[in-house]
Number of protein chains: 2
Amino acid sequence: MKFRTPLELGLLIRRARRARSMTQADLARAAGVGRQWIVAIEAGKPRAELGKTFQTLAALDLSLSIHGEGTPEPPSSRIRIAVPDIEAVVGAHEDPGAPGAMRRRGR
Amino acid sequence: MKFRTPLELGLLIRRARRARSMTQADLARAAGVGRQWIVAIEAGKPRAELGKTFQTLAALDLSLSIHGEGTPEPPSSRIRIAVPDIEAVVGAHEDPGAPGAMRRRGR
DNA sequence: CATGAATGTCGTCGATCGCATACATTTCAT
DNA sequence: ATGAAATGTATGCGATCGACGACATTCATG
C-alpha cells in the first residue's frame, strides 16, 4: 500500500482503526495523543508531529517501509572523484574578463 | 526496509541522500525546507512536520508503504452487530445492586 | 422522539516549530 | 598543514501545534 501524502496516510490510518473496531477516542488513548489529534491526522493534516504519527501506527500495530522509485546507483563506497581544475586548464587560453563565469560544485 | 521510529527514518533519509551525492543544503533546496530542518530530521527529531517529511521523501524520489504486523480480521463491510441488552436479560435474575456493573461498547 | 455514541469544530493557552543568520566543528582533497 | 565544503549548533522571531473542554451534528437504537 504505497502512499506519498499526509492525506493518504490519514486514510490508511482511519481504515486500520476501523478494521480494529476502535473509536478515535480509543486510538487516541492507545497512542497517547489527544482525540483531536486523531481527527486531524485522519483528515490529512500536513503539519502533524512525526513522533505522534509513529506512536499512532504502533498503537495500530503497523509499521512503515520505504521504497525507491528508480534506485540511483549508490557510490559503492566513499569514493571522491578528483575534479580537474577547469580554471587552470582553460584560463590560460580564454579571454580575461570574459562573461559567463562558471560555478563550481562538489567538495 | 521496515522502521518504526523517527530516528530510523532519519537514518534512511540520510542514507538515500548520500546515495544521491546530495548535500544537506541540496536536499533542503530540493524539498523546499530549511537546511536546519534536514539536520533535524536526519537526527531523528520526533516533532518534525509530517508534510515536510513527505516533501523530502519526494525530493529523494522515495515513497512509503504500510504493513500490518498481525492483520486483524477486518469486518468485511459495515456490519453493525446488534448487541443484546445484557441488563434486560440478566437483570431479572441477578441480585439487585450486585457489584461489578458491566460497561457497554460500540454503536 | 429521546438517548447515547461517534465524529467534527471552536477557542484558549503554554510549548515548540522552522527559518534565517552566524558561528563552531568535522571531513576531505591537495 | 591549509583551505574549502559539509555538517552541527546557538539565538531570535513570528507562526503553529496539540491538549483540554465545550458544543454541534449525525446516526442507530429503543
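Below, chains carry the letters A, B, ... as their sequence lines are ordered, and counting in each starts from 1.
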Winner on side-chain proximity to B/Trp37, out of C/dC17, D/dG8, C/dC19, is C/dC19
Give a yes or no on whether the backbone of B/Leu27 and the side-chain of B/Arg17 come within a donor-acceptor separation of less than 3.5 Å.
-> no
d(CD, B/Gln55; P, C/dG18) in whole Å | 11 Å
For A/Ala43, answer base if it contacts any base atom (sugar-phosphate contacts may also be present), sugar-phosphate if it contacts only those atoms, and nothing otherwise; contact means non-hydrogen atoms under 4.0 Å.
-> nothing
Value in whole Å for how far the P atom of C/dG18 lies from CD of B/Gln24 | 15 Å
Could you work out which one of D/dG18, C/dG18, C/dG8 sits closest to the side chain of A/Val39?
-> C/dG8
Return no unless some side-chain N or O of A/Gln36 is found under 4.0 Å from OP1 or OP2 of C/dG8.
-> no
Quick note, A/Arg35 side chain, CB onward, closest among D/dC17, C/dG18, D/dA22 is D/dA22
Which listed nucleotide (C/dC17, C/dT7, C/dC19) is nearest to the side chain of B/Glu49?
-> C/dC17
Rounded distance in Å - CG (A/Leu50) to P (C/dC17) = 12 Å
Would you tell me if any nitrogen or oxygen in the side chain of B/Lys52 comes within less than 4.0 Å of OP1 or OP2 on C/dC19?
-> yes
Does the side chain of B/Met1 come within less than 4.5 Å of B/Arg15's, by heavy atoms?
-> yes
Indicate whether OP1 or OP2 belonging to D/dT16 is found under 4.0 Å from a side-chain N or O atom of A/Lys45.
-> no
Specify the separation, in whole Å, of atom CD1 of A/Ile41 and atom P of D/dG18.
-> 8 Å
Could you please spell out the steps behind the side chain to side chain contact (heavy atoms under 4.5 Å, CB included) verdict for B/Asp26 and B/Thr23?
-> CA-CA 5 Å; B/Asp26 287 338; B/Thr23 70; 3.2 Å; yes
Could you state the CZ-P distance from A/Arg29 to C/dT7, rounded to the nearest angstrom?
-> 12 Å
Answer yes or no: does a side-chain N or O of B/Arg14 lie under 4.0 Å from OP1 or OP2 of D/dG8?
-> yes
Within this structure, what is the CE-to-C1' distance between B/Met22 and D/dT7, rounded to whole angstrom?
-> 15 Å
5'-most contact on DNA chain C: B/Arg47 or B/Gly32, nearest heavy atom basis?
-> B/Arg47
side-chain N/O A/Arg17 vs C/dT7 OP1/OP2, d < 4.0 Å | yes
Among D/dA19, C/dG18, C/dT7, the one nearest A/Thr23 by side-chain distance = C/dT7
Could you check whether B/Ala40 gets within reach of a base, just the sugar-phosphate, or nothing at all, counting any heavy atom under 4.0 Å?
-> nothing
Quiz: residues 33-41 of chain A side-chain donor-acceptor pairs under 3.5 angstrom, not counting sequence neighbours:
none

Rounded to whole Å, the CD1-P distance (B/Ile38 to C/dG18) equals 11 Å
salt_bridge(B/Lys2, B/Glu8) N-O dist < 4.0 Å = no
